[in-house]
Amino acid sequence: MDEFTEDIFDEKKIKKAIKKGKRKTILTIVFVSVIVFVSLNIVNFATYAYFSQKAFKQWDAYVRLSTPNGYISETVDTRGLLGGESQYKVSKDMKIKSLVFEQNQYKFGAIPSTSISRGAGGSIGITGEDWQITYKENGWRNLMFFHPNVTYQRYKHDEDLINQMGGDRIYEVALSFDKPYKQSELPLYELPAMTWFWVNTYSGSQLETFQQESKENDWSSTFIRENEALGFSTNSPVSSTIKLDHEYKSFLNLLKTSVSQEHRKAYDTMKNINSGDLEILGIVIYGTKDELAAIIKNPIIKASSLGGVIDNY
């Protein structure tokens with residue numbers, strides 16, 4: 001019997017060869033698994049990072065547009081499979097300081113994570129005997145606006161409420177005008193630093209809907225809510241001669257970026273309008289009672305709505 005034949009029938013050598021083959025196979029499987037695992041994690045992280053950044057820009061644009069002087073001040077992301085979830089805080093700039101007033105969440109990615117959230121906002125006046133005011137999580141009132149091209153049964157007037165409040169506080173007040181104004185036409189010769197401008201982004205069909213609601217619904221619920229009023233702010237004193245080109249350009253970019261389809265529709269309405277031709281429907285201003293009094297009493301002010309209130313320090 002030759003050496004080759006002996007090797008074939010040598011049980012020890014056969015077992016040794018099998019073990020060697022198994023080890024090689026296992027090492028190959030482990031190596032391939034590690035490569036696949038690392039590759040999938042790289043792909044997952046890259047996808048997560050891309051969608052996370054995209055979602056933040058979209059939601060921050062939404063907040064900045066629909067919350068006067070609001071912005072996302074903090075986010076905490078949880079990574080999932082090809083996406084994730086972000087817990088975020090919304091703050092509002094109240095002239096002398098910013099405060100968090102709300103916490104919320106959004107999902108993002110190719111396969112957004114699944115979660116359940118429960119909650120409810122508070123309101124008063126639900127019987128129709130008083131304004132149906134809603135509140136933010138921290139207790140501030142949501143602002144109310146009244147479009148000058150819509151005839152309402154009643155208008156909100158909060159100047160008496162502000163005058164009744166004690167202390168040298170800073171008040172946030174939304175003021176609706178008696179008609180749309182271009183900036184150069186505003187009879188408010190100098191507005192305070194950090195004024196938010198409510199811009200006419202509404203289509204004809206939207207105005208018809210507002211007018212119909214005003215006729216058919218109880219007066220206590222017919223107004224434009226804070227998140228339905230779009231605009232932009234400036235942090236320096238404004239006169240009729242100062243142009244708002246930079247602020248308006250940023251506003252248009254936010255409309256394009258926002259997660260809201262309604263905001264993108266508003267962009268299509270506004271994209272061919274120059275800043276000098278903008279129709280301003282109202283403003284949101286911040287200040288003490290004395291600082292706000294002269295503006296609130298101006299004849300062009302059709303309605304006033306109190307929002308946040310902070311101590312002046």
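None of the values given here were measured: they were computed from a predicted structure. Throughout, numbering of the chain's residues begins at 1 and tracks the sequence.
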Donor-acceptor contact present, side-chain [X] to main-chain [Y], <3.5 Å:
X: Glu74; Y: Ser91; value: no
X: Thr28; Y: Lys24; value: yes
X: Ser258; Y: Ser260; value: yes
X: Thr222; Y: Trp219; value: yes
X: Tyr248; Y: Ile273; value: yes

Could you give the distance from [atom1] ([X]) to [atom2] ([Y]), rounded to the nearest 0.5 Å?
X: Asp77; Y: Tyr106; atom1: CG; atom2: OH; answer: 5.5 Å
X: Gln87; Y: Gln105; atom1: CD; atom2: CD; answer: 4.5 Å
X: Ile295; Y: Leu175; atom1: CD1; atom2: CG; answer: 7.5 Å
X: Asn298; Y: Phe177; atom1: CG; atom2: CZ; answer: 8.5 Å
X: Ser304; Y: Asp160; atom1: OG; atom2: CG; answer: 8.5 Å
X: Thr134; Y: Arg141; atom1: OG1; atom2: CZ; answer: 10.5 Å

Plane angle bin for Phe223 and Trp131 - parallel if under 30°, tilted between 30 and 60°, otherwise perpendicular: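 Perpendicular, since the angle between the ring planes exceeds 60°.
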Measure the acute angle between the ring planes of Tyr152 and Tyr155, then classify it against the limits of 30° and 60° as parallel, tilted or perpendicular.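 Geometry flag for Tyr155 against Tyr152: perpendicular rings.
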N/O donor to acceptor pairs below 3.5 angstrom from side-chain atoms of residues 276-287, sequence neighbours left out:
unit_1: Glu279; atom_1: OE1; unit_2: Asn200; atom_2: ND2; d: 2.6
unit_1: Tyr286; atom_1: OH; unit_2: Asn69; atom_2: ND2; d: 3.0
unit_1: Tyr286; atom_1: OH; unit_2: Glu172; atom_2: OE2; d: 2.8

Which atom of [X] lies closest to which atom of [Y], heavy atoms considered:
X: Trp196; Y: Ala229; result: CH2-O, 3.6 Å
X: Lys136; Y: Phe101; result: CD-CD1, 3.1 Å
X: Lys92; Y: Glu226; result: NZ-OE2, 3.7 Å
X: Lys107; Y: Glu85; result: CE-OE1, 3.8 Å
X: Tyr202; Y: Val199; result: CE1-O, 4.3 Å
X: Leu143; Y: Ser305; result: CD2-O, 3.5 Å

What donor-acceptor contacts under 3.5 angstrom involve side-chain atoms of residues 57-64, with partners at least two apart or in another chain?
unit_1: Asp60; atom_1: OD1; unit_2: Ile72; atom_2: N; d: 3.1
unit_1: Asp60; atom_1: OD2; unit_2: Arg64; atom_2: NE; d: 2.7

ring-ring contact (aromatic ring centres under 6.0 Å, His included) partners of Phe51, counting only residues at least two apart: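 With sequence neighbours excluded, Phe51 shows a ring-ring contact (aromatic ring centres under 6.0 Å, His included) to no residue whatsoever.
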Does Phe251 have any ring-ring contact (aromatic ring centres under 6.0 Å, His included) partners at least two apart in sequence or in another chain, and if so, which?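 Result, ring-ring contact (aromatic ring centres under 6.0 Å, His included) vs Phe251: Phe232.
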Using the salt bridge (charged side-chain N to carboxylate O under 4.0 Å, His left out) rule, collect all pairs that involve residues 197-212, keeping only residues at least two apart or in two chains.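 Salt bridge (charged side-chain N to carboxylate O under 4.0 Å, His left out) check on residues 197-212 returns no pairs.
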Please tell me if the side chains of [X] and [Y] come closer than 4.5 Å, counting only heavy atoms from C-beta onward.
X: Pro148; Y: Tyr181; answer: no
X: Leu255; Y: Leu230; answer: yes
X: Ile301; Y: Lys297; answer: no
X: Asp158; Y: Ile296; answer: no
X: Ile224; Y: Trp198; answer: yes
X: Val100; Y: Asn138; answer: no
X: Phe56; Y: Ser86; answer: no
X: Asn104; Y: Val90; answer: no

Apply side chain to side chain donor-acceptor pair (under 3.5 Å) to Ser220 and Asp218, showing your working. CA-CA 5 Å; Ser220 64; Asp218 188 88; 2.6 Å; yes
Side chain to side chain contact (heavy atoms under 4.5 Å, CB included), that's the test. Do Glu185 and Lys179 meet it? Break it down for me. CA-CA 11 Å; Glu185 300 170 344; Lys179 66 177 184 178; over 6 Å; no
Does NZ in Lys215 sit with more than 12 non-hydrogen atoms of other residues, nucleotides or ligands closer than 6.0 Å?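 Not more than 12 within 6.0 Å, no.
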Residue His246 excluded, over 12 heavy atoms near NE2 under 6.0 Å: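 No - once you tally the heavy atoms of other residues, nucleotides and ligands closer than 6.0 Å, there are 12 at most.
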Taking side chain to side chain contact (heavy atoms under 4.5 Å, CB included) as the definition, give me every residue that meets it alongside Tyr50, ordered by chain and number, with sequence neighbours left out.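 By the side chain to side chain contact (heavy atoms under 4.5 Å, CB included) rule, Tyr50 matches Lys54.
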Taking Leu306 as the fixed residue, which of Lys156, Met165, Glu159 is the one that meets the side-chain contact (heavy atoms from CB on, under 4.5 Å) rule?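 In the set Lys156, Met165, Glu159, the residue that makes a side-chain contact (heavy atoms from CB on, under 4.5 Å) with Leu306 is Met165.
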Kindly work out whether a path of hydrophobic side-chain contacts (I/L/V/M/F/W/Y, heavy atoms less than 4.5 Å apart) joins Tyr71 to Leu65.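 Each belongs to a different hydrophobic cluster.
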Consider only side-chain heavy atoms of I, L, V, M, F, W and Y, link residues closer than 4.5 Å, and tell whether Ile42 and Val34 are in one cluster.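 Looking at the clustering, Val34 is in the same group as Ile42.
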So Asn312 and Arg169, side chain to side chain contact (heavy atoms under 4.5 Å, CB included) or not? Walk me through it. CA-CA 5 Å; Asn312 190 7; Arg169 297 178 176 178; 5.6 Å; no
Stepwise side chain to side chain contact (heavy atoms under 4.5 Å, CB included) test for Lys95 and Glu291: CA-CA 13 Å; Lys95 187 176 181 178; Glu291 291 172 337; 3.8 Å; yes
